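Just the heavy atoms: all of them, side chains too, but no hydrogens, waters or symmetry mates, feed the values below. One is the number of the first residue; the rest follow in order along the sequence. Model, not experiment: these values are computed from the prediction.
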Amino acid sequence: MLDGIRIVDFTNYIPGPFATLRLAELGAEVIKIEAPEGDPARNTGNGYVFKAHNRGKKSLVINLKQPEGKMLTLDLLARADVVVESFRPGVMEKLGLGYKAVKKINRGIVYCSVTGYGKNGEMSKLGSHDLNYMSLSGALAQMKDSTGRPVHPSHTFSDYIGGMAASERILAALVARGKTGEGSYHCISLADSMASLMAYHVLIEKETGYQNGVSVLNGTVIGYGLYETMDGRFVSLGALEPKFWRNFCKAVGREDWLSAHYSKPENTNPVYLELVNLFKSKSLSEWANFGMTVDCCLTPVLEAGELAHYPYWREKNFVMPEGQIKMHGDLPSQEGAAPPKKENREKRF
């Protein structure tokens, strides 16, 4: 779909590279520009962070602080469709590679800055990471243990949500350019992108004072929650609608539970205690098979290494043999090149 679209990518770590990876798998040509020392992600998580987000891209080493590097870069940008950068606000302007400079040589350029807090405002120059955006957005406060303490996530949600927001904006800008012939500038804030997920939480709190969104989605009813299995694993039961709860109760031979659908998961609730014991009577694989045959919104809580073998992901070939994850499950797999190795990058100064 993006065949013929050239993207010059100045981004590092996760958000920007994830955005351009999604676009690369839609057919765009992505040219990753790295400083001589390379994307810091090459040294993050033993290099796996870089490897996960940069397949199918070309790589050039350019020292942007050298006049030769700047001239080479401007020549490249004159023939590009999209620029994506993730430096601190003002850095690209100081290098002479900001939107205004690039627009002078390429009227149709779509220019996207991926930032933490935008380009303006009192926090715009501050450094932050995923955990900061999670906490500031209010999303982290939705993940608390039984004592009310926020749980430290083992996933960088803001980085990925911000990357998706960037790719979304770039695609919209390309559509607009197709209509007008004009390029445009866009500034994505990772904090803003994360906070946009708080839409109904903020509205509900304003109207009712309740801070945790939709209560029935928060583990307050027995038909929608997490349950431990016989082998110490967990399944998710999402039987929120009566039809799914009915299907579940009929399948386990407990139609007497039907009226307890929205009762609370408390130790004073006999149906809840029976439900807990029921789930502990079978293994994760048994419940996974149950969920595949009974239409009741029941799925296993999978670990990372189990995705490749679960039927849904296996039939889509979603996890590639080398361990890479597809970006678009409904599209044929792309034969993209492996992430560029540091020693094999094309060096230009």
Side-chain angles (χ1 to χ4, degrees), residues 4-21 23-24 28-44 47 49-50 53-54 56-120 124-127 163 166 169-170 173-174 177 181-190 337 339-349:
I5 297 295
R6 174 177 287 178
I7 300 173
V8 180
D9 181 0
F10 294 93
T11 65
N12 295 316
Y13 288 118
I14 297 175
F18 181 65
T20 55
L21 173 61
L23 299 174
E29 176 191 19
V30 178
I31 302 173
K32 184 176 179 67
I33 307 300
E34 294 188 71
E37 61 272 19
D39 182 341
R42 289 183 179 275
N43 302 313
T44 304
V49 171
F50 181 88
H53 305 116
N54 289 286
K57 301 178 185 179
K58 299 175 181 178
S59 180
L60 290 177
V61 177
I62 299 179
N63 189 337
L64 300 176
K65 296 179 181 179
Q66 296 296 326
E68 297 87 348
K70 177 183 174 181
M71 293 303 296
L72 176 64
T73 301
L74 286 171
D75 180 64
L76 187 61
L77 297 182
R79 295 175 285 114
D81 296 285
V82 178
V83 175
V84 191
E85 62 92 8
S86 62
F87 294 111
R88 295 258 189 134
V91 170
M92 287 295 272
E93 285 76 12
K94 288 181 180 179
L95 292 170
L97 300 171
Y99 175 62
K100 291 181 179 179
V102 177
K103 186 180 180 181
K104 289 180 180 179
I105 59 172
N106 187 341
R107 172 172 163 263
I109 196 71
V110 170
Y111 197 114
C112 182
S113 297
V114 181
T115 71
Y117 302 113
K119 293 186 76 70
N120 302 303
S124 62
K125 299 295 178 66
L126 295 177
R169 186 71 69 84
I170 290 166
L174 287 172
R177 189 186 69 175
E182 292 286 340
S184 52
Y185 175 76
H186 304 272
C187 182
I188 300 299
S189 158
L190 300 184
K341 293 183 178 180
K342 191 170 184 179
E343 62 271 20
N344 293 337
R345 297 175 301 163
E346 185 177 349
K347 295 179 173 60
R348 297 185 185 181
F349 293 90

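Using a 30° and 60° split on the angle between ring planes, Tyr111 and Tyr99 fall in the perpendicular class, above 60°.
The backbone N or O of Val102 lies less than 3.5 Å from no partner atom in the side chain of Asn106, so there is not a single donor-acceptor pair. With hydrogens and angles ignored, the 3.5 Å screen pairs a side-chain donor or acceptor of Thr115 with a backbone N or O of Ile188.
Looking at residues two or more places apart in sequence or on another chain, you find no salt bridge (charged side-chain N to carboxylate O under 4.0 Å, His left out) involving Lys103. Residues meeting the side-chain hydrogen bond (donor to acceptor under 3.5 Å, both in side chains) test with Tyr13, sequence neighbours left out: none. Annotation: side-chain contact (heavy atoms from CB on, under 4.5 Å) contacts of Thr73 (sequence neighbours excluded): Phe10, Ile62, Leu64, Leu77, Leu97. Taking Lys65 as the reference, Asn63, Leu95 meet the side-chain contact (heavy atoms from CB on, under 4.5 Å) condition, with sequence neighbours excluded.
The structure places CG of Asn43 at 10.0 Å from CD of Glu37, a figure rounded to the nearest 0.5 Å. Here Ile5 contributes atom CD1 and Leu23 contributes atom CG; the two are 10.0 Å apart, rounded to the nearest 0.5 Å. Rounded to the nearest 0.5 Å, atoms CD1 (Ile33) and OG (Ser59) are 7.5 Å apart. With values rounded to the nearest 0.5 angstrom, Lys119 atom NZ is found 3.5 Å from Tyr185 atom OH. The CG atom of Leu60 sits 11.5 Å away from atom NZ of Lys32, with the distance rounded to the nearest 0.5 Å. Atom-to-atom distance recorded for Asp75:CG and Ile105:CD1 is 8.0 Å, nearest 0.5 angstrom.
Considering every non-hydrogen atom in both Val30 and Thr20, the closest pair reads CG2-O, 3.7 Å. Here the shortest heavy-atom pairing between Ile170 and Cys112 reads CG1-CB, 3.9 Å. The two residues Val82 and Ile109 have their closest heavy-atom pair at N-CD1, 3.8 Å. Heavy-atom minimum distance, Val8 versus Ala80: CG2-CB, 3.7 Å. The minimum heavy-atom distance linking Gly163 with Ala19 is given by the pair O-CB, 3.2 Å. Between Gly118 and Pro89, the shortest heavy-atom contact is O-CG, 3.5 Å.
For residues 80-95, the set of pairs meeting the side-chain hydrogen bond (donor to acceptor under 3.5 Å, both in side chains) definition, not counting sequence neighbours, comprises Asp81-Arg177, Glu85-Ser113. Pairs of residues two or more places apart, or lying in two chains, that qualify as salt bridge (charged side-chain N to carboxylate O under 4.0 Å, His left out) and include a residue from residues 6-17 are Arg6-Glu29, Asp9-Lys57.
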